[in-house]
2 protein chains.
Amino acid sequence: MNVRNICLAILFEGETTGYEIRKLSTEGEYSYFVEASYGSIYPALARLEEDRLVTSRVEQTTGKPARKVYSITEAGRRAFIDSLFGKLDDDVYRSQFMMFARFAAELPADLVENRLAERIAAVEEHIKTLEELGKKRTSDPEQWVLGVGLHSLRAHLTYLTENKDKLVGMARPVAASAAE
Amino acid sequence: MNVRNICLAILFEGETTGYEIRKLSTEGEYSYFVEASYGSIYPALARLEEDRLVTSRVEQTTGKPARKVYSITEAGRRAFIDSLFGKLDDDVYRSQFMMFARFAAELPADLVENRLAERIAAVEEHIKTLEELGKKRTSDPEQWVLGVGLHSLRAHLTYLTENKDKLVGMARPVAASAAE
DNA sequence: TCGCACATGTAACGTGTTACATGATTAG
DNA sequence: CTAATCATGTAACACGTTACATGTGCGA
């Protein structure tokens with residue numbers, strides 16, 4: 001999924017601005033499986049307009065900067081849906097935390113414990129976000145997709161919490177505090 | 001995780017060649033959370049050698065091309081472990097399949113069914129690979145990491161198989177075959 | 001008054017991918 | 001004979017990130 005198609009996907013559901021697209025791709029329903037930043041969204045929208053897959057109109061607002069509202073065209077809808085007919089890219093999972101865990105034996109136990117706690121907190125946070133998104137019920141496919149995310153993330157969380165002590169136990173023991 | 005650190009991680013466990021590093025990062029124990037191709041590995045190894053984090057020696061082989069075997073230095077070990085002390089990058093999950101599923105309502109049911117079947121097969125394949133890797137038991141942290149992957153992947157697979165019909169049901173119905 | 005939210009956009013930079021170039025041996 | 005595996009490396013290219021530039025209104 002490149003930024004171009006992410007823009008089309010979001011515009012498929014209704015007109016918005018580049019600013020909003022970034023928000024949606026970072027915090028919205030797509031956030032757990034795509035990503036895009038301003039530096040890629042704005043140029044992508046410009047090219048999309050050149051290619052007549054979207055149109056734009058400038059909306060003057062009082063006070064705030066003018067908004068450039070983009071709408072998808074029929075050609076845009078077709079192009080996006082067509083892209084889903086082709087061979088899909090493989091799913092990608094990248095994790096520096098896993099590399100960290102892989103080398104737990106070389107790291108001090110307290111560091112491993114802290115990082116594990118951080119990771120667990122991050123996953124819990126992520127789950128909460130998806131749960132919030134699921135509440136404002138929208139389309140069925142959206143619920144389905146959110147369901148995949150929640151299910152996997154909860155399984156991930158379960159493993160981490162149930163096995164964290166095991167990993168800490170593999171780490172380099174840290175001298176007990178000088179107390180006593 | 002950049003390619004540089006992936007190389008160091010693999011060399012941490014023992015000397016090898018760029019060719020082997022790619023194999024390990026693509027098919028080996030690291031494959032499910034990192035990725036690297038020749039075009040990035042060879043330049044990375046060259047820079048690593050300049051920086052004295054690895055050394056190399058050329059091994060003449062009969063018939064096959066000469067192998068350039070890299071070994072990590074003490075400085076390399078330190079640099080790698082140090083990198084794990086710093087703030088870790090967030091985990092990343094990217095999936096075009098999820099985008100596809102999100103727009104199931106715009107797609108023909110048979111396509112959705114096929115793609116789901118493909119995805120399920122791919123996940124099953126991936127699970128099998130991790131199971132194979134887990135058999136040749138190595139270090140405990142490696143087993144732990146593999147455990148995370150297997151656990152999450154199995155949960156993912158379960159969701160897909162249990163909910164595939166639901167998603168197909170959301171897709172555009174395809175005219176039944178002309179048969180009577 | 002400080003910083004955040006809104007809002008758009010560019011430029012430099014980093015990083016990695018793909019395809020190409022090269023070439024021998026071995027298994028089918 | 002053909003394809004695959006072993007093996008290294010480069011160059012062109014694609015893609016995206018980060019930081020910067022610019023500016024207002026509002027709430028704490």
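In what follows, chains are A, B, ... by sequence order, proteins preceding strands, each numbered from 1.
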Original post:
Once you round it to whole Å, what is the distance between C1' of D:dC13 and CG of A:Asn2?
Top reply: 15 Å
Original post:
Taking C-beta and beyond as the side chain, do B:Leu45 and B:Leu11 meet within less than 4.5 Å on heavy atoms?
Top reply: yes
**OP:** Assign each of B:Lys23 and B:Pro43 to its nearest nucleotide of DNA chain D by heavy atoms, then name whichever residue's nucleotide is nearer the 5' end.
**Re:** B:Lys23
**OP:** Report yes if a side-chain nitrogen or oxygen of B:Ser37 is closer than 4.0 Å to either non-bridging phosphate oxygen (OP1 or OP2) of C:dG16; otherwise report no.
**Re:** no
**OP:** Send over the distance from A:Arg94 CZ to C:dT15 P, rounded to a whole Å.
**Re:** 17 Å
Original post:
Looking at C:dT8, D:dG16, D:dA7, which one has an atom nearest to any side-chain atom of A:Tyr38?
Top reply: C:dT8
Original post:
Rounded to the nearest Å, what distance is computed from the OH atom of residue A:Tyr42 to the P atom of nucleotide C:dC6?
Top reply: 12 Å
Subject >> Plane angle bin for B:His126 and B:Tyr32 - parallel if under 30°, tilted between 30 and 60°, otherwise perpendicular >> reply: perpendicular
Original post:
How would you label the contact of A:Gly39 with the nucleic acid (heavy atoms, under 4.0 Å): base, sugar-phosphate, or nothing?
Top reply: base
Original post:
Rounding to a whole Å, what distance do you find between A:Ile21:CD1 and C:dT8:P?
Top reply: 9 Å
Original post:
Out of curiosity, does A:Phe85 fall in the hydrophobic cluster containing A:Leu8 (side-chain heavy atoms, cut-off under 4.5 Å, transitive links)?
Top reply: yes
Original post:
Taking the inter-plane angle between the rings of A:Phe33 and A:Tyr30 on a 0 to 90° scale, is it parallel (under 30°), tilted (30 to 60°) or perpendicular (over 60°)?
Top reply: perpendicular
Original post:
Does B:Thr17 have a side-chain nitrogen or oxygen under 4.0 Å from the phosphate oxygens OP1 or OP2 of D:dC6?
Top reply: no
Original post:
Base, sugar-phosphate alone, or nothing: which one does A:Ala46 contact when heavy atoms must sit under 4.0 Å apart?
Top reply: nothing
Original post:
How close or far is atom P of D:dT10 from atom CD1 of B:Ile41, stated in whole angstroms?
Top reply: 14 Å
Original post:
Does the distance from a Lys or Arg side-chain N to an Asp or Glu carboxylate O, for A:Glu20 and A:Arg22, drop under 4.0 Å?
Top reply: no
**OP:** Write down the distance between CG (A:Asp89) and P (C:dT18), rounded to a whole number of angstrom.
**Re:** 10 Å
Original post:
Looking at the side chain of B:Tyr70, which of D:dT17, D:dG9, C:dT18 is the nearest nucleotide?
Top reply: D:dG9
Subject >> Atom-pair distance (NZ on A:Lys68; P on C:dT10), nearest Å >> reply: 9 Å
Original post:
Does A:Tyr19 place a side-chain N or O at less than 4.0 Å from the phosphate oxygens OP1/OP2 of C:dC6?
Top reply: yes
Original post:
In whole angstrom, what separates A:Arg67's CZ from C:dG9's C1'?
Top reply: 16 Å
